[in-house]
Protein chains: 2
Amino acid sequence: MSAAQKHDIFQAIADPTRRKILKLLADKKLPVTAISRHFPMSRTAVSKHLRILSESKLVSVEKAGREKLYKLQPEALLELKEWLSFFEQFWDNKISMLKYFVENEEIGKLNLIMPESNEESKDS
Amino acid sequence: MSAAQKHDIFQAIADPTRRKILKLLADKKLPVTAISRHFPMSRTAVSKHLRILSESKLVSVEKAGREKLYKLQPEALLELKEWLSFFEQFWDNKISMLKYFVENEEIGKLNLIMPESNEESKDS
DNA sequence: ATTATATGAAACTTTTTGGTTACATGTCAA
DNA sequence: TTGACATGTAACCAAAAAGTTTCATATAAT
């Protein structure tokens, strides 16, 4: 069912505000008003972002009195993970070293492992 | 350097055309004209997508005679991987079962592991 | 030299996106 | 039952995105 939903997960996470919302919800369920306090925009704008996140199943909603609690649904990120893993196959031999540099926040030094940094370049 | 580049990786992969381009380039380097044959749009439109992919370092360019060969740069996806890994911490215990369902294309049955599917719901 | 191929840039159009304000509804507290 | 709080929807607007066509430039082939 659901031939083509309007918002896919790639689109959903494209917006910085929505990514920040996801991080907020990682801690705990929150109602719209609480969420919107973290942003320099109206509650209504945040509400629209939440609708988009809901459509792509990244968050779920739960009624609690007059509030509606939004909850992170991290399983939806599985699709992204699968997509990523396809490309990792073209990548594997470099990943562990890259991980090292990233985890040590020294990604700026990454040219150290790039072989093309020689003085003169010979073809083939 | 480069305080805030115009296109980040999340935006770059948000567009389906660009994701397809990345898959094409996974196989081999290609010039714009060859790439655009896979799409129902003009070469110029594809060229613009490639510029966006370049800006976010997902592809690199290499001059070859009168052609320009575009090449996949999968390392740029590391940022995405890092972002994802943050959320996996809220996810770990479910991941293996989810993987099973996904790999067997039975994601529709996922409610099997959702505890809230009882007949009546008791508060707290 | 001349023609054909490969490309990017510019100007323009249409659609989508992200935001606003105003309004209607539902729930809690007095 | 009246007032305050929490929310979503509607109508609207501006800016960004994605596409088009036209043009200019560089390289290759004849």
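Numbered from 1 within each chain, the chains take letters A, B, ... in sequence-line order. Side-chain atoms are counted along with the backbone in the values below, which use heavy atoms only and exclude waters and symmetry mates.
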Gap between atoms [atom1] and [atom2], on [X] and [N] respectively (whole Å):
| X | N | atom1 | atom2 | value |
| --- | --- | --- | --- | --- |
| A/L69 | D/dG8 | CG | P | 11 Å |
| A/K68 | C/dG26 | NZ | C1' | 10 Å |
| B/E67 | C/dG8 | CD | C1' | 15 Å |
| B/H49 | D/dA18 | NE2 | P | 6 Å |
| B/R51 | C/dG8 | CZ | C1' | 10 Å |
| B/R43 | D/dA18 | CZ | P | 19 Å |

* **All side chain to side chain contact (heavy atoms under 4.5 Å, CB included) counterparts of B/S60, not counting sequence neighbours** => B/K71, B/Q73
* To do: Return the set of residues passing side chain to side chain contact (heavy atoms under 4.5 Å, CB included) with B/A76 (not counting sequence neighbours), or none when no residue passes.
  => B/K57, B/L58
Under 4.0 Å from OP1 or OP2 of [N]: is there any side-chain N or O of [X] that close?
| X | N | result |
| --- | --- | --- |
| B/S42 | D/dT20 | yes |
| A/S47 | D/dG8 | yes |
| B/Q11 | D/dA16 | no |
| B/Y70 | C/dG8 | yes |
| B/H7 | D/dA16 | no |

* Which ones in residues 26-36 of chain B lie close to DNA chain D, meaning a heavy atom under 4.0 Å from one of its atoms? -> none
* To do: Please work out which residues in residues 12-21 of chain A have a non-hydrogen atom less than 4.0 Å from an atom of DNA chain D and list them by number.
  => none
Give a yes or no on whether [X] and [Y] share a hydrophobic cluster (residues Ile, Leu, Val, Met, Phe, Trp, Tyr; joining criterion: side-chain heavy atoms under 4.5 Å apart).
| X | Y | answer |
| --- | --- | --- |
| A/L84 | A/L77 | yes |
| B/I52 | B/V46 | no |
| A/L22 | A/V61 | yes |

* Tell me, with the steps shown, if A/Y70 and A/L50 meet side chain to side chain contact (heavy atoms under 4.5 Å, CB included). => CA-CA 8 Å; A/Y70 286 87; A/L50 284 166; 3.8 Å; yes
* To do: Evaluate side chain to side chain contact (heavy atoms under 4.5 Å, CB included) for B/E67 paired with B/L69, printing each intermediate quantity in order.
  => CA-CA 6 Å; B/E67 293 186 332; B/L69 295 179; 4.1 Å; yes
* To do: Take A/I21 and A/I35 through the test side chain to side chain contact (heavy atoms under 4.5 Å, CB included) and record every step on the way to the result.
  => CA-CA 7 Å; A/I21 290 176; A/I35 297 174; 4.1 Å; yes
Tabulate atom names and distances for all N/O pairs under 3.5 angstrom spanning the protein and nucleotides 26-30 of chain D.
| from | atom 1 | to | atom 2 | distance (Å) |
| --- | --- | --- | --- | --- |
| D/dT27 | OP1 | B/K63 | NZ | 2.9 |
| D/dT27 | O3' | B/R66 | N | 3.4 |

* To do: Could you work out which one of D/dA18, C/dT21, C/dA9 sits closest to the side chain of B/I52?
  => D/dA18
* Results of side-chain hydrogen bond (donor to acceptor under 3.5 Å, both in side chains) for B/S54 - residues two or more places apart only -> none
* Which pairs pass ring pair (Phe, Tyr, Trp, His ring centres under 6.0 Å) with one or both residues in residues 9-60 of chain A, sequence neighbours excluded? ->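 Applying ring pair (Phe, Tyr, Trp, His ring centres under 6.0 Å) to every pair that reaches into residues 9-60 of chain A, excluding sequence neighbours, yields A/F10-A/W83.
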Could I get the full list of salt bridge (charged side-chain N to carboxylate O under 4.0 Å, His left out) partners for [X], not counting sequence neighbours?
| X | value |
| --- | --- |
| B/K29 | B/E62 |
| A/R43 | none |
| B/R19 | A/D8 |

Under 3.5 Å between N/O atoms: give me all the protein pairs with nucleotides 11-15 of chain D, atom names plus distance.
none

* Which heavy-atom pair separates B/M41 from B/A45 by the least distance, and what is that distance? ->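 Closest pair (atom of B/M41, atom of B/A45, distance): SD-CB, 3.7 Å.
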* Asked: Which atom names give the shortest non-hydrogen contact between B/R18 and B/Q11, and what distance separates them?
  ->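 B/R18 and B/Q11 have their closest heavy atoms at NH2-O, 3.2 Å.
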* Yes or no on side chain to side chain contact (heavy atoms under 4.5 Å, CB included) for B/K81 and A/E88, after CA distance, side-chain angles and deciding distance? -> CA-CA 10 Å; B/K81 194 180 169 65; A/E88 279 175 26; 2.9 Å; yes
* Would you please classify the geometry between the B/F87 ring and the B/F90 ring as parallel, tilted or perpendicular, with 30° and 60° separating the classes? =>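 It falls in the tilted class, 30° to 60°.
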What protein N or O atoms touch nucleotides 1-3 of chain C N or O atoms at under 3.5 angstrom, if any, and at what distances?
none

